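The structure appears right after this line, and notes come after that.
Here is the naming used below: chain letters follow the sequence lines, and residue numbers restart at 1 for every chain. Everything numeric here is computed off the predicted structure, so don't read it as measured data.
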Amino acid sequence: MRDTADLGNMKDAIMAAIIDLATEHKEVCMLEADLMTCLGSTGFKKQFPERFFNCGIAEANMVGVAAGLSSMGFVPFADSFGVFSSRRAYDQFFLSVNYAKQRVHLIGTDPGVTAQVNGGTHMPFEDIALMRQIPDLIILDPSDGQSCYELIRQAYDSGHSSYIRSARRGITHRYPVGTKIELGKGIVLQDGTDVAIFATGETLVNEATKALEILKEAGVSAALIDLHTIKPLDTELVEKYAKKTGHILVCENGRYAGGVGEGIAAHLAKTCPTKMDFVNVGERFGEVGNLAYLVKAFGFTAEDIAEKAKGLLK
Amino acid sequence: MLDCTTLEMLKEKAKEIRISTINEIAHLGKGHIGGAMSIVDVLVYLYYHEMNIDPSNPKMEGRDRFVCSKGHAGPSVYATLADKGYFPKDWLLTLNKGGTNLPSHCDMTKTPGVDFTTGSLGQGASAAAGIALGQKIKGEKSFTYLIIGDGESQEGQIWEMAEFASTQNLGNLIAFTDFNKQQLDGYTKDVINMDNIDTRWLGFNWHVQRINGHDLNAIDDAVQAAKKVTDRPSMIIMDTVKSWGYAPGVGIVSNHSMAVSEADAKSAIEALEGGAK
């Protein structure tokens with residue numbers, strides 16, 4: 001298993017996974033929508049020029065071409081910013097890929113507020129909700145480089161299509177190589193008995209990790225789960241912690257409607273009604289700023305998370 | 001130019017496929033008769049004369065592929081596939097009924113012989129470009145044939161595909177526009193004017209030909225010429241008549257999807273059998 005500890009950006013982990021898969025499987029090909037230099041897929045182009053295609057600024061066609069390639073036995077990875085991969089090419093990904101039972105891995109970078117200085121036009125808050133509507137699709141929102149690398153490989157091995165939601169710049173090295181990382185199974189970063197925090201994606205898992213310190217000082221026994229796979233939802237772990245703590249806080253870098261929190265709430269409503277709260281972007285559109293500003297502006301800080309967790313216990 | 005025997009065989013097949021298509025839709029009582037009937041001649045040419053396919057092995061490696069991006073023309077595609085032996089002919093009377101393998105719009109997961117799922121207009125075009133690209137990567141000598149509608153050509157995705165396919169020099173992609181000049185809400189000239197369709201495709205650096213889409217010899221000449229063009233994709237614009245062969249639908253605005261009574265079907269079939277179009 002490749003160790004990603006030396007990688008400097010999440011995009012490097014994404015590309016390492018895809019290039020390793022392409023080395024092992026001649027069916028793997030890569031499609032870009034004029035964002036090759038943003039993701040760093042230039043390395044793929046250099047190594048496998050016959051399997052790399054820049055489709056230009058035309059995401060709908062890119063995803064349709066990917067579907068056609070899939071029907072020829074190829075396994076395409078198609079990339080764009082999350083707003084375009086999800087909103088702009090949604091019908092193509094829904095019908096030509098998934099309804100037609102083709103196999104395409106769609107990358108949506110810069111999820112939620114991580115689009116930062118590209119601003120509100122480039123902030124996908126809805127991508128989770130959109131992608132959750134597609135039967136049998138795998139949705140990944142990894143929180144570190146190693147899990148990003150390994151989950152992309154596992155998504156490939158699953159035989160399903162996937163939507164890979166990840167920031168590009170910067171990287172968190174949370175899991176040493178050898179850590180058990182399993183598609184569809186949340187990782188318990190800390191056990192606890194009062195409240196369980198389910199966080200998804202690098203930004204929110206990082207903030208939630210810092211929130212554990214605040215909660216510890218406040219005498220709260222909080223569990224933290226890295227929900228790196230949004231779909232399929234790890235219902236077993238959700239139910240386990242609902243029963244164990246009776247309080248669930250769901251943190252996601254996206255919108256509530258149709259999001260992870262709503263999904264967990266719906267599941268628990270049937271199986272184990274539980275007091276819950278949520279950290280998400282609410283009803284707001286995105287806006288421009290650096291990550292520190294946006295994390296604060298959207299209520300994603302460790303303090304915000306800790307306050308909501310404590311609030312559940314009142 | 002087709003030899004006389006082949007031409008007569010194809011004409012006979014076109015008549016049979018039109019009759020089957022009318023029967024399918026009449027059995028249901030309503031359907032997309034107009035756009036299904038206007039593409040029958042090119043369907044027959046491709047399936048009975050041109051394409052390298054094997055109905056006993058629908059997924060044959062290296063075969064030519066066909067994508068009907070105007071997926072609502074499914075009924076005539078199904079009539080053709082059934083006649084070729086991809087599935088039993090009695091399936092045809094299950095069109096659009098619950099549990100059928102022949103849904104309104106072409107579905108590769110249900111119907112043997114359908115190479116790609118279509119129905120959301122514009123999408124089959126990109127898929128066909130991806131298929132042609134895949135054939136090229138694999139080094140196959142095969143072709144991908146694609147039919148799009150004139151109304152469908154109002155979709156932006158068609159032109160995204162057009163620029164992509166010419167940039168990739170997809171000489172193995174041979175497309176047809178079913179230029180029947182009608183769409184659901186009326187005549188194309190009254191909805192979105194498509195009269196300059198030839199120059200649009202020329203502008204996207206495609207090899208462009210324009211023919212009578214109901215003339216099998218013209219289809220043959222155009223396809224054979226297109227196959228010789230290896231450095232760019234080909235567009236064959238076929239002037240057609242919507243509902244050609246189903247007289248009650250010809251020349252009326254509502255022929256995109258319309259009621260087809262048993263009586264109208266009977267008279268249309270009698271006319272076809274009597275030699276009329």
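Counting only heavy atoms from C-beta outward, the side chains of A:Tyr99 and B:Asp107 approach each other to under 4.5 Å. Under the 4.5 Å side-chain criterion, counting only non-hydrogen atoms from C-beta, A:Gln102 is in contact with B:Phe116. Using a 4.5 Å heavy-atom cutoff, the side chains of B:Asp115 and A:Ser71 are not in contact. Residues B:Thr167 and A:Asn54 are not in side-chain contact: their nearest non-hydrogen atoms beyond the backbone lie 4.5 Å or more apart.
Residue contact with chain A, scored on non-hydrogen atoms closer than 4.5 Å, involves the side chain of B:Glu163 exclusively.
Atom NZ of B:Lys136 sits about 13.0 Å away from atom CD of A:Glu50, to the nearest 0.5 Å. Rounding to the nearest 0.5 Å gives a distance of 12.5 Å between CD of B:Gln123 and CZ of A:Phe93. Taking CD1 from B:Ile131 and CG from A:Leu69, the interatomic distance works out to 9.0 Å, rounded to the nearest 0.5 Å. To the nearest 0.5 angstrom, A:Cys55 atom SG is 8.0 Å from B:Leu133 atom CG.
Interface check for chain A: of the options B:Ala128, B:Ala127, B:Ser126, B:Ala132, the most heavy-atom pairs under 4.5 Å are formed by B:Ser126. Most heavy-atom pairs under 4.5 Å with chain A: of the set B:Lys59, B:Met161, B:Gln168, B:Gln157, this distinction falls to B:Gln157.
Heavy-atom neighbours of B:Leu202 CG from other residues, nucleotides or ligands within 6.0 Å: above the threshold of 12. Counted within 6.0 Å of NZ on B:Lys138, heavy atoms from surrounding residues, nucleotides or ligands total more than 12; the atom is thus considered enclosed. Within 6.0 Å of atom CZ in A:Arg284, more than 12 heavy atoms from other residues, nucleotides or ligands are found, so the atom counts as buried in its surroundings. Counted within 6.0 Å of CD on A:Gln133, heavy atoms from surrounding residues, nucleotides or ligands total more than 12; the atom is thus considered enclosed. For NZ of B:Lys110, the number of neighbouring non-hydrogen atoms (other residues, nucleotides, ligands) closer than 6.0 Å is 12 at most. When the shell of 6.0 Å around CZ of A:Arg88 is examined, it contains 12 or fewer heavy atoms from other residues, nucleotides or ligands.
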Requested in this report: For side-chain contact (heavy atoms from CB on, under 4.5 Å), just list the numbers for A:Leu95 and B:Thr118, CA-CA rounded to whole Å, side-chain angles, deciding distance to a tenth of an Å, and then say yes or no.
Outcome: CA-CA 8 Å; A:Leu95 278 180; B:Thr118 53; over 6 Å; no

Report task. Might you work through the side-chain contact (heavy atoms from CB on, under 4.5 Å) test for B:Trp159 and A:Asn61, ending with a clear yes or no? Result -> CA-CA 9 Å; B:Trp159 306 102; A:Asn61 180 64; over 6 Å; no

Query raised in the report: Step by step, would you call A:Met62 with B:Glu160 a side-chain contact (heavy atoms from CB on, under 4.5 Å)?
Result: CA-CA 9 Å; A:Met62 174 179 74; B:Glu160 289 188 1; over 6 Å; no

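With hydrogens and angles ignored, the 3.5 Å screen pairs no side-chain donor or acceptor of A:Lys101 with any backbone N or O of B:Met108.
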